[in-house]
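Residues: numbered from 1 along the sequence shown.
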Amino acid sequence: QVQLVESGGGSVQPGGSLRLACAASGRTFSNYVMAWFRQAPGKEREFVAAISWSGATKSYADSVKGRFPISRDNTKNTVYLQMNSLKPEDTAVYYCAARVGNALRSRQSEYGDWGQGTQVTVSS
């Protein structure tokens, strides 16, 4: 099991940027695929992005492709989500998740460890 703590959320105007970070502890971070999900009010949690243990392979939801690059620093046990060109529809609680192995998955049931979430609000 790995413990995950997100940070970096906040309020921003449309078109602005935020960088989320997720710090991991407890197990060997580099053994895990890491991902970001989000949940908007009244909606189901949805996949945002995932990254392989080496960082060489990434996948994105169509809604964020080209705007939200995901990255990781295995020396710091941290995964990042750089959120650019933010839109009001990006408003949600963003969750970090981890799964053992190297297959990138977009279903939340594939991930066994979750952070507590961080709120992102995009509004003028």
Can you tell me how far apart CH2 (W36) and CD (E46) are? Round to the nearest 0.5 Å. 14.5 Å
Test of understanding: clusters of I, L, V, M, F, W, Y form through side-chain heavy atoms closer than 4.5 Å, transitively. Do V2 and V100 belong to the same one? yes
Euclidean distance, T28 OG1 relative to N74 CG, rounded to 0.5 Å: 10.5 Å
Backbone of I70 reached by a side-chain donor or acceptor of Y60 within 3.5 Å: yes
Taking all non-hydrogen atoms of both residues, which atom of S17 and which atom of N84 are closest, and how far apart? OG-OD1, 3.1 Å
Single-linkage hydrophobic cluster L4~V79, side-chain heavy atoms < 4.5 angstrom: yes
Heavy-atom check, side chain of W53 versus side chain of M34, under 4.5 Å: no
Would you say E89 has more than 12 foreign heavy atoms packed within less than 6.0 Å of its CD? yes
Going through the checks in order, is the ring pair (Phe, Tyr, Trp, His ring centres under 6.0 Å) test met by F47 and F37? CA-CA 4 Å; F47 172 76; F37 288 76; 5.7 Å; yes
Counting C-beta onward and ignoring hydrogens, is there a side-chain heavy-atom pair between C96 and E6 closer than 4.5 Å? yes
Using the salt bridge (charged side-chain N to carboxylate O under 4.0 Å, His left out) rule, take D62 and K65 through it: C-alpha gap first, then chi angles, then the decisive distance, then the call. CA-CA 5 Å; D62 288 342; K65 198 172 295 182; 3.2 Å; yes
Of all the heavy-atom pairs spanning A40 and A92, show the shortest one and how long it is. N-CB, 3.8 Å
Does I51 form a side chain to side chain contact (heavy atoms under 4.5 Å, CB included) with V33? I'd like the steps, not just the answer. CA-CA 6 Å; I51 187 167; V33 165; over 6 Å; no
From CZ (R72) to CG (L81), nearest 0.5 Å: 13.5 Å
Consider only side-chain heavy atoms of I, L, V, M, F, W and Y, link residues closer than 4.5 Å, and tell whether V93 and L86 are in one cluster. no
Identify whether NZ of Lys or CZ of Arg in R45 sits under 6.0 Å from the centre of the six-membered ring of Y95 and within 45° of that ring's axis. yes
Test side chain to side chain contact (heavy atoms under 4.5 Å, CB included) on R38 and V120; report intermediate values, then the result. CA-CA 9 Å; R38 67 185 181 185; V120 172; over 6 Å; no
Donor-acceptor under 3.5 Å (R105 side chain, S109 main chain): no
Audit row: Y32, Y111, side chain to side chain contact (heavy atoms under 4.5 Å, CB included) steps and yes/no: CA-CA 10 Å; Y32 289 82; Y111 291 81; over 6 Å; no
Would you say R67's side chain and S85's backbone share a donor-acceptor pair under 3.5 angstrom? yes
Side-chain contact, heavy-atom cut-off 4.5 Å: P88 with S123? no
Check whether T91 reaches the backbone of V122 with its side chain - one donor and one acceptor, N or O, closer than 3.5 Å. yes
Beyond-backbone contact of L104 with T57, side-chain heavy atoms, under 4.5 angstrom: yes
Is it true that a side-chain atom of D113 and a backbone atom of Q3 form a donor plus acceptor pair closer than 3.5 Å? no
Output every pair passing disulfide (SG to SG under 2.5 Å) with a member in residues 54-83, not counting sequence neighbours, ordered by first then second residue. none
Between R19 and Y80, is NZ or CZ placed under 6.0 angstrom from the six-membered ring centre and within 45° of the ring axis? yes
Calculate, to the nearest 0.5 Å, the distance between atoms SG and CG belonging to C22 and N77 respectively. 10.0 Å
Is there a donor-acceptor pair closer than 3.5 Å between any side-chain N or O of Q82 and the backbone N or O of P69? no
